[in-house]
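Following: one structure in structure tokens, then a few remarks.
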Amino acid sequence: MIKGETLEITRLGKFMLLAGIVLVASNLRAPITSVGPVVSQIQDVLHLSNTLAGFITTIPLLAFALLSPIAPKLAEKWSIETVLWVAIWAIGLGLWVRTSTNAIWLFAGTALIGSGIAFGNVLVPPFIKQRFPKKIGLVTGIYSVAMNITASLASGLSIAIGHWTGQGWKGSIGVWLVFSLITIICWIPQLIRSKERALHGTSAARPQKSTSMLGSGLAWYITIFMGLQSLLFYCSVAWLPVVLQDWGMASEVSGWTLSFIQFSQLPIVFIGPIIASRVKNHTSLIWFIGGTLALSLLLIIAWRTQFIIPAVILFGLGTGLAFSLVMMWFVLRTATTWDAARISGMAQSFGYALAAVGPPLFGALHDWAGNWETPFFLLVAATIVLYITGMKVAKPKVINS
């Protein structure tokens with residue numbers, strides 16, 4: 001297990017802890033979703049091709065892939081609280097660096113942001129399992145909603161924030177530094193509690209013998225599912241506003257259209273974990289995910305912007321439930337906090353490596369085909385495989401049991 005497994009906390013402590021989780025969540029999506037609506041502005045200023053522009057979204061995914069396996073080991077050594085605090089520092093520094101009008105600094109800041117988010121992605125689910133063992137579904141839902149609210153506001157207000165601040169795209173993607181600074185300060189009580197646990201000797205040791213996740217078929221199905229749902233989401237974040245603008249939609253409207261994905265995710269990412277924690281067999285949830293995504297992509301490919309609002313709402317429902325479900329699988333398909341951290345690290349490492357291919361490939365397919373319909377068939381293929389792998393995990397079982 002990971003350090004700090006058994007210390008009891010008061011109601012006030014639980015409230016502060018929950019508030020801290022919400023603040024951490026506010027840093028894990030907005031720095032990425034704020035970019036999509038202003039990609040064309042960034043391209044114009046920095047002279048980036050569509051393929052290079054796709055790397056603005058892909059670099060964080062590569063960071064997720066490279067650093068996710070390290071997170072459980074660092075948390076076991078220094079505590080989850082400490083690693084999360086350092087992660088928020090990395091996100092804040094990256095947000096500051098990224099606003100430079102230089103392509104190298106843009107990508108360097110993006111890499112820092114991705115590094116911080118990688119640790120948050122991996123460690124928050126097992127942290128919830130550790131601190132709220134009897135309310136995993138509820139707290140996971142709150143955590144997911146917090147991520148999606150800030151993600152929605154980041155994409156929907158991105159253009160407007162640039163106007164309000166007078167800084168254009170730099171203001172649009174840099175303003176989220178405020179959330180990082182608030183989180184850094186408000187997370188300090190959790191650092192104090194972590195040190196108290198160490199002083200009182202309440203930390204639990206990692207099991208000496210554990211079977212490798214790499215040898216588990218179930219772990220690999222979860223990993224593939226994680227990667228494909230991420231590929232679907234990040235392709236939409238990176239390219240949907242650009243596609244809609246190319247099809248004649250105003251840039252401000254395209255940003256809000258993207259935000260409909262996040263807004264439609266809000267109820268499902270809250271209710272989804274609660275349902276998943278109470279229903280042992282998740283087959284019906286996989287059918288819902290596959291159906292909504294397939295219908296959404298059909299509407300976009302066949303009718304472009306004509307039915308775009310119902311299309312993005314369906315897309316949000318499907319990807320929202322897919323994300324919630326895989327977060328819950330990290331804790332429901334494992335027996336201990338340590339195993340939850342390990343599968344979270346593995347799934348997000350290999351999964352995001354798979355997802356990282358998505359945005360640049362989407363852009364490259366457009367450059368090759370000369371239209372935007374062709375890249376969407378990449379998302380159709382991802383949806384089919386997502387459904388197949390999801391069915392492999394739907395029935396109740398535990399990794400390495």
Side-chain angles (χ1 to χ4, degrees), residues 27 29-63 90-117 150-181 234-259 261-262 356 358-368 370-372 375:
N27 289 271
R29 290 295 178 272
I32 297 176
T33 60
S34 61
V35 174
V38 295
V39 162
S40 59
Q41 296 179 30
I42 297 173
Q43 286 181 278
D44 291 340
V45 173
L46 301 182
H47 309 292
L48 302 177
S49 67
N50 285 334
T51 302
L52 281 177
F55 277 95
I56 300 174
T57 301
T58 298
I59 286 175
L61 300 181
L62 292 173
I91 294 170
L93 180 59
L95 285 165
W96 178 68
V97 169
R98 191 170 65 170
T99 56
S100 172
T101 51
N102 178 290
I104 294 176
W105 286 111
L106 171 72
F107 291 127
T110 301
L112 273 173
I113 291 169
S115 300
I117 294 176
T150 50
S152 302
L153 294 175
S155 59
L157 296 175
S158 187
I159 300 291
I161 289 173
H163 293 321
W164 296 337
T165 60
Q167 297 295 312
W169 66 267
K170 292 177 23 175
S172 298
I173 67 177
V175 71
W176 302 99
L177 174 60
V178 174
F179 281 84
S180 298
L181 296 175
Y234 285 106
C235 279
S236 70
V237 168
W239 288 113
L240 185 60
V242 177
V243 172
L244 296 179
Q245 289 168 27
D246 207 35
W247 283 344
M249 187 176 287
S251 59
E252 293 86 350
V253 179
S254 71
W256 277 110
T257 302
L258 176 62
S259 73
I261 293 177
Q262 279 91 42
L361 180 56
F362 194 98
L365 285 172
H366 166 69
D367 292 341
W368 171 73
N371 64 68
W372 286 114

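In this chain, residues are counted from 1 in sequence order. What you see below is based on every heavy atom in this structure, not just the backbone, and it leaves out hydrogens, waters and symmetry mates.
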Roughly how far, to the nearest 0.5 Å, is the [atom2] atom of [Y] from the [atom1] atom of [X]?
| X | Y | atom1 | atom2 | value |
| --- | --- | --- | --- | --- |
| L157 | T150 | CG | OG1 | 11.5 Å |
| I91 | L181 | CD1 | CG | 12.0 Å |
| S34 | L153 | OG | CG | 11.5 Å |

Can you run down the ring-ring contact (aromatic ring centres under 6.0 Å, His included) pairs that involve residues 159-181, sequence neighbours left out, and say none if there aren't any?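 ring-ring contact (aromatic ring centres under 6.0 Å, His included) check on residues 159-181 returns W176-F179.
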Qualifying residues under side chain to side chain contact (heavy atoms under 4.5 Å, CB included), relative to A364, sequence neighbours excluded: T51
Check whether any side-chain N or O of S172 sits under 3.5 Å from a backbone N or O of S158 as a donor-acceptor pair, and report yes or no. yes
Contacts under 3.5 angstrom, residues 105-117 side chains, donor-acceptor by atom type, not counting sequence neighbours:
| residue | atom | partner | partner atom | Å |
| --- | --- | --- | --- | --- |
| T110 | OG1 | L106 | O | 2.7 |
| S115 | OG | A111 | O | 2.8 |

Apply side chain to side chain donor-acceptor pair (under 3.5 Å) to Q43 and list each qualifying residue two or more places apart in sequence or on a separate chain.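 Testing Q43 for side chain to side chain donor-acceptor pair (under 3.5 Å), a comparison that skips the adjacent residues, returns N50.
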Listed partners of R29 passing side chain to side chain donor-acceptor pair (under 3.5 Å), at least two apart: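 For R29 the side chain to side chain donor-acceptor pair (under 3.5 Å) partners, ignoring immediate neighbours, are N121.
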Which atom names give the shortest non-hydrogen contact between [X] and [Y], and what distance separates them?
| X | Y | value |
| --- | --- | --- |
| P359 | W239 | O-NE1, 2.8 Å |
| T33 | A154 | OG1-CB, 3.4 Å |
| G171 | I161 | O-CG2, 3.5 Å |

Side chain to side chain donor-acceptor pair (under 3.5 Å): pairs with one or both residues in residues 240-250, sequence neighbours excluded: Q245-S254, D246-W372
I want to check something: taking the side chain as every heavy atom from C-beta on, are Q41 and I159 in contact at a cut-off of under 4.5 Å?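 Contact flag for Q41/I159 side chains = yes.
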Going by the side chain to side chain contact (heavy atoms under 4.5 Å, CB included) test, name the single residue among I56, V35, L95 that passes it with I173.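 The passing option is V35.
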